2 protein chains.
Amino acid sequence: MSTFETTQLPEIGKRIRNSRLSAGLNLHELARLSGISAPALSLIENGKRDLRLSSLFRIAGALRVEATNLLHAQAENLVTPDALGGSGYNLGDYQ
Amino acid sequence: MSTFETTQLPEIGKRIRNSRLSAGLNLHELARLSGISAPALSLIENGKRDLRLSSLFRIAGALRVEATNLLHAQAENLVTPDALGGSGYNLGDYQ
DNA sequence: TACAATTTTATCTTTTAAGATAAATTTTCT
DNA sequence: AGAAAATTTATCTTAAAAGATAAAATTGTA
(Lines give C-alpha, C1' and ligand atoms only; values in the text may rest on other atoms or scores of the structure.)
Protein backbone atom coordinates (compact mmCIF):
# COMPACT_ATOMS: atom_id res chain seq x y z
CA MET A 1 0.00 0.00 0.00
CA SER A 2 1.13 3.53 -0.71
CA THR A 3 2.15 5.93 2.00
CA PHE A 4 -0.64 8.14 0.79
CA GLU A 5 -3.25 5.60 1.83
CA THR A 6 -1.55 4.48 5.01
CA THR A 7 -0.22 7.79 6.27
CA GLN A 8 -1.30 10.93 4.48
CA LEU A 9 -5.02 10.22 4.11
CA PRO A 10 -5.36 9.34 7.81
CA GLU A 11 -3.46 12.51 8.73
CA ILE A 12 -5.70 14.63 6.56
CA GLY A 13 -8.67 12.96 8.19
CA LYS A 14 -7.37 13.82 11.64
CA ARG A 15 -6.94 17.46 10.68
CA ILE A 16 -10.51 17.56 9.43
CA ARG A 17 -11.71 16.01 12.65
CA ASN A 18 -9.69 18.46 14.73
CA SER A 19 -11.09 21.39 12.80
CA ARG A 20 -14.62 20.09 13.10
CA LEU A 21 -14.33 19.61 16.84
CA SER A 22 -12.71 23.02 17.21
CA ALA A 23 -15.73 24.45 15.44
CA GLY A 24 -17.97 22.63 17.88
CA LEU A 25 -19.75 20.64 15.18
CA ASN A 26 -20.89 17.04 15.09
CA LEU A 27 -20.84 14.96 11.92
CA HIS A 28 -24.48 15.60 11.25
CA GLU A 29 -23.97 19.35 11.39
CA LEU A 30 -20.88 19.30 9.21
CA ALA A 31 -22.80 17.10 6.80
CA ARG A 32 -25.50 19.71 6.53
CA LEU A 33 -23.02 22.54 6.09
CA SER A 34 -20.80 20.79 3.56
CA GLY A 35 -23.38 18.78 1.66
CA ILE A 36 -21.40 15.61 2.31
CA SER A 37 -23.23 12.87 4.18
CA ALA A 38 -22.26 11.98 7.73
CA PRO A 39 -21.28 8.40 6.81
CA ALA A 40 -19.01 9.75 4.08
CA LEU A 41 -17.50 12.26 6.50
CA SER A 42 -16.85 9.48 8.97
CA LEU A 43 -14.91 7.51 6.37
CA ILE A 44 -12.98 10.60 5.38
CA GLU A 45 -12.06 11.54 8.94
CA ASN A 46 -10.85 8.01 9.53
CA GLY A 47 -8.65 8.09 6.45
CA LYS A 48 -10.63 5.41 4.67
CA ARG A 49 -11.73 7.42 1.68
CA ASP A 50 -9.73 8.96 -1.14
CA LEU A 51 -11.88 12.05 -1.43
CA ARG A 52 -12.23 14.33 -4.41
CA LEU A 53 -10.78 17.80 -4.45
CA SER A 54 -14.25 19.33 -4.54
CA SER A 55 -15.08 17.48 -1.33
CA LEU A 56 -11.97 18.80 0.38
CA PHE A 57 -12.92 22.34 -0.58
CA ARG A 58 -16.52 21.92 0.55
CA ILE A 59 -15.34 20.64 3.90
CA ALA A 60 -12.79 23.42 4.24
CA GLY A 61 -15.43 26.00 3.33
CA ALA A 62 -17.89 24.65 5.87
CA LEU A 63 -15.20 24.67 8.56
CA ARG A 64 -13.92 28.07 7.46
CA VAL A 65 -10.37 26.92 7.11
CA GLU A 66 -8.02 26.87 4.14
CA ALA A 67 -7.99 23.62 2.20
CA THR A 68 -4.21 23.79 2.39
CA ASN A 69 -4.29 23.62 6.16
CA LEU A 70 -6.14 20.33 5.93
CA LEU A 71 -3.60 18.86 3.55
CA HIS A 72 -0.36 19.45 5.37
CA ALA A 73 0.78 19.86 8.92
CA GLN A 74 0.34 23.56 9.39
CA ALA A 75 3.36 25.70 9.31
CA GLU A 76 1.40 27.91 11.60
CA ASN A 77 2.31 31.45 12.13
CA LEU A 78 3.88 31.93 8.73
CA VAL A 79 4.26 35.53 7.94
CA THR A 80 4.74 37.46 4.73
CA PRO A 81 7.96 39.47 4.40
CA ASP A 82 5.80 42.56 3.81
CA ALA A 83 4.33 42.28 7.26
CA LEU A 84 7.78 42.82 8.63
CA GLY A 85 8.28 46.16 6.93
CA GLY A 86 11.74 45.16 5.73
CA SER A 87 13.38 45.22 2.33
CA GLY A 88 11.61 42.12 1.19
CA TYR A 89 14.77 40.08 1.40
CA ASN A 90 15.19 37.44 3.99
CA LEU A 91 18.60 37.98 5.46
CA GLY A 92 18.52 34.75 7.42
CA ASP A 93 21.36 34.57 9.89
CA TYR A 94 23.23 37.33 8.18
CA GLN A 95 23.59 40.52 10.17
CA MET B 1 -22.14 25.84 -11.29
CA SER B 2 -19.92 26.19 -8.26
CA THR B 3 -16.93 28.46 -8.21
CA PHE B 4 -14.89 25.38 -7.50
CA GLU B 5 -15.72 23.92 -10.89
CA THR B 6 -15.56 27.16 -12.82
CA THR B 7 -12.61 28.82 -11.12
CA GLN B 8 -10.60 26.78 -8.69
CA LEU B 9 -10.28 23.55 -10.64
CA PRO B 10 -9.09 25.39 -13.77
CA GLU B 11 -6.59 27.34 -11.67
CA ILE B 12 -5.26 24.17 -10.11
CA GLY B 13 -4.98 22.73 -13.60
CA LYS B 14 -2.95 25.70 -14.77
CA ARG B 15 -0.56 25.34 -11.85
CA ILE B 16 -0.05 21.69 -12.70
CA ARG B 17 0.62 22.58 -16.30
CA ASN B 18 3.05 25.31 -15.32
CA SER B 19 4.91 22.94 -13.05
CA ARG B 20 5.02 20.26 -15.72
CA LEU B 21 6.36 22.64 -18.33
CA SER B 22 8.88 24.02 -15.87
CA ALA B 23 10.05 20.47 -15.34
CA GLY B 24 10.40 20.07 -19.10
CA LEU B 25 7.97 17.18 -19.29
CA ASN B 26 5.30 16.36 -21.82
CA LEU B 27 2.02 14.72 -20.87
CA HIS B 28 3.27 11.31 -21.84
CA GLU B 29 6.28 11.63 -19.55
CA LEU B 30 4.27 12.95 -16.62
CA ALA B 31 1.83 10.11 -17.21
CA ARG B 32 4.63 7.59 -16.86
CA LEU B 33 6.03 9.28 -13.74
CA SER B 34 2.70 9.75 -11.99
CA GLY B 35 0.86 6.67 -13.14
CA ILE B 36 -2.01 8.81 -14.39
CA SER B 37 -2.80 8.46 -18.08
CA ALA B 38 -2.07 11.31 -20.47
CA PRO B 39 -5.73 11.77 -21.41
CA ALA B 40 -6.63 12.04 -17.74
CA LEU B 41 -3.83 14.54 -17.17
CA SER B 42 -5.07 16.59 -20.09
CA LEU B 43 -8.53 16.82 -18.54
CA ILE B 44 -7.04 17.69 -15.17
CA GLU B 45 -4.79 20.42 -16.56
CA ASN B 46 -7.75 21.90 -18.35
CA GLY B 47 -9.82 21.98 -15.20
CA LYS B 48 -12.33 19.47 -16.50
CA ARG B 49 -11.84 16.78 -13.92
CA ASP B 50 -12.53 16.76 -10.19
CA LEU B 51 -9.51 14.69 -9.29
CA ARG B 52 -8.99 12.63 -6.18
CA LEU B 53 -6.58 13.61 -3.49
CA SER B 54 -4.35 10.63 -4.27
CA SER B 55 -4.06 11.85 -7.86
CA LEU B 56 -3.06 15.32 -6.71
CA PHE B 57 -0.34 13.82 -4.53
CA ARG B 58 0.91 11.52 -7.27
CA ILE B 59 1.17 14.44 -9.65
CA ALA B 60 2.87 16.61 -7.04
CA GLY B 61 5.31 13.81 -6.26
CA ALA B 62 6.16 13.29 -9.92
CA LEU B 63 6.72 17.01 -10.38
CA ARG B 64 8.61 17.27 -7.10
CA VAL B 65 6.44 20.07 -5.79
CA GLU B 66 4.28 20.31 -2.69
CA ALA B 67 0.65 19.40 -3.24
CA THR B 68 -0.22 22.60 -1.40
CA ASN B 69 1.52 24.68 -4.04
CA LEU B 70 -0.75 23.19 -6.67
CA LEU B 71 -3.87 23.99 -4.67
CA HIS B 72 -3.46 27.66 -3.97
CA ALA B 73 -1.72 30.59 -5.54
CA GLN B 74 1.63 30.36 -3.93
CA ALA B 75 2.34 32.75 -1.19
CA GLU B 76 5.90 32.46 -2.33
CA ASN B 77 8.66 33.59 -0.11
CA LEU B 78 6.79 32.93 3.08
CA VAL B 79 9.19 32.75 5.94
CA THR B 80 9.02 31.23 9.38
CA PRO B 81 9.38 33.62 12.31
CA ASP B 82 12.29 31.48 13.51
CA ALA B 83 14.26 32.28 10.42
CA LEU B 84 14.19 35.90 11.49
CA GLY B 85 15.88 35.27 14.82
CA GLY B 86 13.29 37.27 16.71
CA SER B 87 11.21 36.48 19.74
CA GLY B 88 8.75 34.46 17.78
CA TYR B 89 6.08 37.09 18.08
CA ASN B 90 5.03 39.09 15.10
CA LEU B 91 4.97 42.66 16.27
CA GLY B 92 3.37 43.93 13.09
CA ASP B 93 3.41 47.70 12.97
CA TYR B 94 4.16 47.97 16.62
CA GLN B 95 7.56 49.45 17.35
C1' DT C 1 3.52 23.15 -47.07
C1' DA C 2 4.35 18.59 -45.38
C1' DC C 3 5.85 15.94 -41.39
C1' DA C 4 6.30 14.94 -36.58
C1' DA C 5 5.26 15.57 -31.92
C1' DT C 6 2.02 16.86 -28.61
C1' DT C 7 -2.34 17.52 -26.93
C1' DT C 8 -7.26 17.00 -26.96
C1' DT C 9 -11.43 14.50 -27.49
C1' DA C 10 -14.24 10.33 -27.82
C1' DT C 11 -15.65 5.72 -26.51
C1' DC C 12 -15.75 1.93 -23.60
C1' DT C 13 -14.71 -0.56 -19.22
C1' DT C 14 -13.58 -0.86 -14.40
C1' DT C 15 -13.22 1.10 -10.05
C1' DT C 16 -14.59 3.89 -6.46
C1' DA C 17 -16.52 8.16 -4.33
C1' DA C 18 -20.68 9.63 -2.52
C1' DG C 19 -25.75 9.66 -1.27
C1' DA C 20 -29.46 7.35 1.33
C1' DT C 21 -30.91 4.52 4.77
C1' DA C 22 -30.67 1.50 8.49
C1' DA C 23 -28.41 -1.11 11.89
C1' DA C 24 -24.65 -1.71 15.03
C1' DT C 25 -21.37 0.24 17.97
C1' DT C 26 -19.33 3.57 20.87
C1' DT C 27 -19.46 7.60 23.67
C1' DT C 28 -21.63 10.74 26.77
C1' DC C 29 -24.69 12.12 30.29
C1' DT C 30 -28.14 11.56 33.91
C1' DA D 1 -26.73 0.96 34.78
C1' DG D 2 -29.76 2.93 31.39
C1' DA D 3 -31.05 6.32 27.92
C1' DA D 4 -29.70 9.48 24.47
C1' DA D 5 -26.53 11.22 21.29
C1' DA D 6 -22.90 10.56 18.19
C1' DT D 7 -20.23 7.76 15.36
C1' DT D 8 -19.20 3.78 12.64
C1' DT D 9 -20.29 0.17 9.53
C1' DA D 10 -23.05 -2.19 6.02
C1' DT D 11 -25.81 -2.39 1.86
C1' DC D 12 -27.50 -0.69 -2.25
C1' DT D 13 -27.67 2.76 -6.01
C1' DT D 14 -25.88 6.46 -8.86
C1' DA D 15 -22.39 9.37 -10.65
C1' DA D 16 -18.00 10.19 -11.92
C1' DA D 17 -12.85 9.35 -11.88
C1' DA D 18 -9.44 6.90 -14.20
C1' DG D 19 -7.33 3.48 -17.50
C1' DA D 20 -6.82 2.02 -22.34
C1' DT D 21 -7.04 2.86 -26.93
C1' DA D 22 -7.79 5.28 -31.03
C1' DA D 23 -8.86 9.17 -33.67
C1' DA D 24 -8.97 14.10 -34.27
C1' DA D 25 -7.01 18.51 -33.63
C1' DT D 26 -3.16 21.57 -32.49
C1' DT D 27 1.32 23.00 -32.41
C1' DG D 28 5.99 23.04 -33.76
C1' DT D 29 9.54 22.37 -37.14
C1' DA D 30 12.20 21.09 -41.33
Side-chain angles (χ1 to χ4, degrees), chain A residues 1-65 67-68 70-72, chain B residues 1-65 67-68 70-72:
Chain A
M1 247 195 288
S2 70
T3 98
F4 179 76
E5 290 166 325
T6 60
T7 307
Q8 312 201 255
L9 256 191
E11 284 174 0
I12 290 165
K14 278 179 199 150
R15 281 182 216 112
I16 292 173
R17 173 148 301 180
N18 280 340
S19 296
R20 173 174 65 80
L21 295 177
S22 295
L25 300 172
N26 62 30
L27 284 176
H28 178 75
E29 293 167 325
L30 179 55
R32 190 175 44 76
L33 289 172
S34 66
I36 294 168
S37 69
L41 287 172
S42 176
L43 292 172
I44 289 168
E45 289 191 351
N46 287 295
K48 294 174 181 169
R49 179 161 288 187
D50 183 7
L51 66 163
R52 295 182 191 155
L53 233 43
S54 60
S55 300
L56 181 76
F57 277 79
R58 286 158 78 188
I59 292 169
L63 294 174
R64 300 174 179 281
V65 298
T68 287
L70 298 176
L71 273 201
H72 291 309
Chain B
M1 248 196 288
S2 69
T3 95
F4 178 76
E5 291 167 323
T6 60
T7 307
Q8 312 200 256
L9 256 192
E11 284 174 1
I12 290 165
K14 279 178 200 149
R15 281 182 217 113
I16 292 174
R17 172 148 302 180
N18 280 340
S19 297
R20 174 174 64 80
L21 295 177
S22 295
L25 300 173
N26 62 31
L27 285 177
H28 178 73
E29 292 167 325
L30 179 56
R32 189 174 45 76
L33 289 172
S34 67
I36 295 169
S37 69
L41 287 171
S42 176
L43 292 172
I44 290 168
E45 289 190 352
N46 287 295
K48 293 173 181 168
R49 178 161 288 189
D50 182 9
L51 67 163
R52 296 182 190 155
L53 233 44
S54 60
S55 300
L56 181 76
F57 277 79
R58 285 158 79 188
I59 292 168
L63 294 175
R64 299 173 180 278
V65 298
T68 286
L70 298 176
L71 272 201
H72 290 309

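Convention: sequence-line order gives letters A, B, ...; per-chain numbering from 1. Just so you know, these numbers come straight off a predicted model, no measurement behind them. Quick note: numbers below take in every heavy atom, side chains included, and nothing from hydrogens, waters or symmetry partners.
For the residue pair B:Ala31 and B:Ala38, the shortest heavy atom distance occurs at CB-N, 3.6 Å. Minimum heavy-atom separation, B:Asp50 to A:Leu53: OD1-N, 3.5 Å. A:Asn46 and A:Arg17 get closest at one heavy-atom pair: ND2-NH2, 4.1 Å.
Atom-to-atom, CD of B:Glu45 to C1' of C:dT6 comes out at 12 Å; the value is rounded to the nearest Å. We find that CG of A:Asp50 is positioned 13 Å from C1' of C:dA18, with the value rounded to whole Å. Note: CZ (B:Arg49) to P (C:dT8) measures 14 Å, nearest angstrom. The distance between atom CZ of A:Phe57 and atom P of C:dA17, rounded to the nearest whole Å, is 19 Å. Going from atom CD1 of A:Ile36 over to atom C1' of C:dA17 covers 10 Å, rounded to whole Å. We find that CG of B:Leu41 is positioned 15 Å from P of C:dT6, with the value rounded to whole Å. The interatomic distance linking A:Leu56 (CG) with C:dA17 (C1') rounds to 14 Å, in whole Å.
Counting only distance, with no hydrogens or angles, the side chain of B:Arg49 and the backbone of B:Ile44 share no donor-acceptor pair below 3.5 Å. Proximity of a side-chain donor or acceptor of A:Asn26 to a complementary backbone N or O of A:His28 within less than 3.5 Å is detected.
Each of B:Arg52 and B:Ala40 was assigned the nucleotide of DNA chain C with the nearest heavy atom; the assignment lying further toward the 5' end belongs to B:Ala40.
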Could you walk me through whether B:Ile36 and B:Leu51 satisfy the side-chain contact (heavy atoms from CB on, under 4.5 Å) test, starting with their C-alpha distance in whole Å, then the side-chain angles of each, then the deciding distance to 0.1 Å, before giving a yes or no? CA-CA 11 Å; B:Ile36 295 169; B:Leu51 67 163; over 6 Å; no

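When heavy atoms are screened at a 4.0 angstrom cut-off, B:Leu51 is found touching the sugar-phosphate backbone but no base atom.
Ring geometry for A:Phe57 versus B:His72: interplanar angle over 60°, hence perpendicular rather than tilted (30 to 60°).
Phosphate proximity of C:dA18 to A:Ser55: present, with a side-chain N or O under 4.0 Å from OP1 or OP2.
Atom CG in B:Asn18 sits 9.0 Å away from atom CD in B:Glu45 (nearest 0.5 Å).
Contact annotation: the side chain of A:Leu63 approaches that of A:Arg20 to within less than 4.5 Å [non-hydrogen atoms, C-beta and beyond].
A heavy-atom distance below 4.0 Å to DNA chain D is reached by none of the residues of residues 11-29 of chain B.
Note that the first and last nucleotides of DNA chain D, 5' to 3', having any atom under 4.0 angstrom from a heavy atom of chain A are D:dA6 to D:dA17.
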